[in-house]
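One-based numbering, in listed order, for ligands and for the atoms of each. The basis for the numbers below is simple: all heavy atoms, side chains too, and nothing from hydrogens, waters or symmetry mates.
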Amino acid sequence: MVLPIGLGRPVRVFIDPGHGGSDPGAIGNGLREKDLCLSTALVLRDMLQSEYQNVEVRLSRQTDVFVSLAARSQAANSWNADLFVSIHYNAATAAARGFETFRFTNAPARTRQIHQEMHRVMYNQAWRGRTPDRG
Ligand SMILES: [Zn+2]
């Protein structure tokens, strides 16, 4: 498969598993957010590398280590990443469950198109039928 972005060259996807090391993120139900983020990121990396063509992937961390927010964004920018995918598992009441993605409100039209397509692909491939789509 090919990521539906249409750059005409390999797409550089920078995957950022949230938290890590001394920062566990949300904790609940015997789970730590940092662990869920890392395992999801590794699965996403493997899927992108095995099922998609013309994709290059890097991660902000591949183990349980702390990486500052500045170091994460610097690594992505110095690599000239096309997409920065930061993965988090938010904690909330059961009424707020579901899959959601975010981008800058005032992002250019092309970024909005890519965001909408990536949201659709990720939700349909990983979450449809398992959790609500919160948009
Ligand atoms: Zn988080």
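Counting all heavy atoms, side chain and backbone alike, Glu56 lies closest to Trp79 at O-CH2, 3.5 Å. The shortest non-hydrogen separation linking Arg97 to Arg134 is O-CD, 3.5 Å. Minimum heavy-atom separation, Thr131 to Gly98: OG1-CA, 3.2 Å.
Counting only protein atoms, the N, O or S atoms lying less than 2.8 Å from the Zn ion (ligand 1) are His19 NE2, Glu33 OE2, His88 ND1, ordered by chain and residue number.
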Steps toward side-chain contact (heavy atoms from CB on, under 4.5 Å) verdict (Asp82, Ile114): CA-CA 10 Å; Asp82 296 302; Ile114 292 170; over 6 Å; no
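Taking the six-membered ring where tryptophan is involved, the planes of Trp127 and Tyr89 are perpendicular, since the angle between them exceeds 60° and thus also 30°.
Counting heavy-atom neighbours within 6.0 Å of Leu42 CG, excluding the residue itself, gives a total above 12.
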